[in-house]
Each structure stands twice: as C-alpha cells, then as structure tokens.
2 protein chains.
Amino acid sequence: MNIEQSNKDNQLAEIFKTLSEPNRIRILRILDHSDRELTCSEVSEQLNISKSTVSYHFKALRHAGLTNTRQAAQTKYLSINEKTFKEYLPSFLESL
Amino acid sequence: MNIEQSNKDNQLAEIFKTLSEPNRIRILRILDHSDRELTCSEVSEQLNISKSTVSYHFKALRHAGLTNTRQAAQTKYLSINEKTFKEYLPSFLESL
DNA sequence: CTCCTTGTTCGATTGTTATCGAAATACAAA
DNA sequence: TTTGTATTTCGATAACAATCGAACAAGGAG
C-alpha cells in the first residue's frame, strides 16, 4: 500500500470519526433542514445538551471541514460545508 | 425529534464509528479489490497487524453489518455486505 | 494421537471521547 | 462602566477503543 493511499484512508477515517456521534448527525440535520445558519445556543436548546458540549461538537465538525463558521461579534454561526460532503459523502445530506 | 429518527441517527453513527479506523477501511478495500473472500491471517499479514487485532476488527465490521462471514472448518472467510453499503453509503465502495 | 494452522478470548496498557459545570473571555447594550 | 449574552476553555470523570502477546479452542494433516 502506498503512502498517499494511506493518508487518504486516515483522512476519510477522520471524517467518519467526526460523524460517529449521534448528536453531530443531529446538528447537521437541523442545519440542513432549517436552511439557515445556527448558533451554539440554539442547538444547545434544541438538542438539550449543554452549551459547552455543543461548542465542542462545533469545533470537531469545523475541524473535519464539514461545516463553515461565520463570526459576528460574540456570536458564531454554523453552516454546512457542501463541498466536503460532495467530495467524500455525496449522498449523505440527502439522506438526512 | 421523534424516537425512530433518533434510533436511525444512532445506527448511522454506529456505522460511522466502525469505519473511523483506517485499518478497517483498508480491510474493506482489499476485500473489494481482491474480489474474493479473505481470512484473518491473510489480512494480518497484508496489513502487518496482529491476528488478534484483525479478529477484533472483523468482529466490529460484522457487527455493524458491513461484512458477511462464511465459516469453513477453523477458517472464517470475510466478504463485503453490499446491501448495507447500498443502503447507507451508496458511494463508498466505488471510492475505494 | 500429535502437530500445525486458524481464529477467539483474556488481561493489560495506553490513549481518546463525550459530557458537565464553573470559570474565563469577548462583545454589545444600557 | 456595569450588566447580560454567546461562546470557549478548564478540570474532572466515566466510558470506550485499539493494540499486543499469551493462552485457549477447534479442526485438518500426517
């Protein structure tokens, strides 16, 4: 097995790891369905998990390139990064 | 969020968790590319990881419904369960 | 029956994850 | 400048995951 292939495997595994948490899938669904950006607090309320936990998930999703963020003052808005999904999981968003 | 949706999320997350390990992706690739069943020992040798670790991964893949097993005497043959991939990750195998 | 091969399970280790509440930070509004 | 809102970081905890080698079990070949 060559090294590029190995790196690709690691990258794909990383994306899967990020998605291996039900709450993250839920975050992506409400992002996708609401068709607008969401904040940490909104998600915290909708999913009934603490803000710090949501912040942690936001960071993970962002780090994996699955979401975009836009900061406005102290508020951070999350949206789906369609590009990554198109490249790695083309059918995922439609299946939500 | 209803309970069925929640269960579906858990199930999908479970599949992602199973795939969040580079070696498991590699196992699936060599399964897919070799176009035949593989054994624990073969994989152990090809990936340079111990048999007990491969056995552990085999079990996980099987448990997630991603592979099928066929037992013949003391040898266990693994193959890809296309059905699960078709249902949950229709583009995955082609991308390997 | 004895030996070899295949695979599983066990015990141990090491590292990672999800979660929370509390404290800290950053900014806006009053 | 004080207060309130949004988010992040910290420290702690509890659970889980990947890995190994050793020991074990099951079956085939000689």
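Chain letters run A, B, ... following the sequence lines, proteins first and then strands; every chain starts at 1.
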Side chain to side chain donor-acceptor pair (under 3.5 Å), that's the test. Do B/Ser52 and B/Ser50 meet it? Break it down for me. CA-CA 5 Å; B/Ser52 59; B/Ser50 81; 3.1 Å; yes
Between [atom2] of [N] and [atom1] of [X], the distance in whole Å:
X       : N      : atom1 : atom2 : result
B/Lys51 : C/dT6  : NZ    : P     : 5 Å
A/Glu45 : D/dT5  : CD    : P     : 13 Å
A/Gln71 : D/dA6  : CD    : C1'   : 10 Å
B/Leu19 : D/dA18 : CG    : P     : 11 Å
A/His57 : D/dT8  : NE2   : P     : 13 Å
A/Phe58 : C/dT17 : CZ    : P     : 19 Å
B/Gln74 : C/dT6  : CD    : P     : 8 Å
B/Glu21 : D/dA17 : CD    : C1'   : 9 Å

Within the structure, does a side-chain N or O atom of [X] lie under 4.0 Å from either OP1 or OP2 of [N]?
X       : N      : result
B/Ser41 : C/dG7  : yes
B/Lys59 : C/dT9  : yes
A/Thr53 : C/dC20 : yes
B/Lys17 : D/dC16 : no

Considering only [options], which nucleotide approaches the side chain of [X] most closely?
X       : options               : answer
B/Ser55 : C/dG7, C/dT8, D/dA6   : C/dT8
B/Tyr56 : C/dG7, D/dT19, C/dC27 : D/dT19
A/Ala73 : C/dT19, C/dA28, C/dT8 : C/dA28

Residue mapping more 5' on DNA chain C - nearest nucleotide basis, B/Leu38 or A/Ser52: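 Counting from the 5' end, the first nearest nucleotide belongs to B/Leu38.
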State, to 0.1 Å, how close B/Phe58 and B/Cys40 come at their nearest heavy-atom pair, and which atoms those are.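 Closest approach of B/Phe58 to B/Cys40: CE2-N, 3.6 Å.
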Measure the shortest side-chain to side-chain distance between A/Leu96 and A/Ile25 over non-hydrogen atoms and say whether it is less than 4.5 angstrom.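 A side-chain contact exists here, since the closest heavy-atom pair is under 4.5 Å.
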Side chains of B/Arg62 and B/Lys59, heavy atoms from C-beta outward: is any pair under 4.5 Å?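 No, too far: nothing below the 4.5 Å cut-off.
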What nucleic acid atoms does B/Thr75 come within less than 4.0 Å of, heavy atoms only: base, sugar-phosphate, or nothing?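 Sugar-phosphate, no base atom in range.
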Is B/Arg24 close enough and on-axis enough to B/Phe16, meaning under 6.0 Å and within 45°, for cation-pi?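 The answer is no; the distance or angle limit is not met.
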Less than 3.5 Å between a donor and an acceptor, one on the side chain of A/Ser50 and one on the base of C/dG21, is that the case here?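 It does not, because no donor-acceptor pair links the side chain of A/Ser50 to the base of C/dG21 below 3.5 Å.
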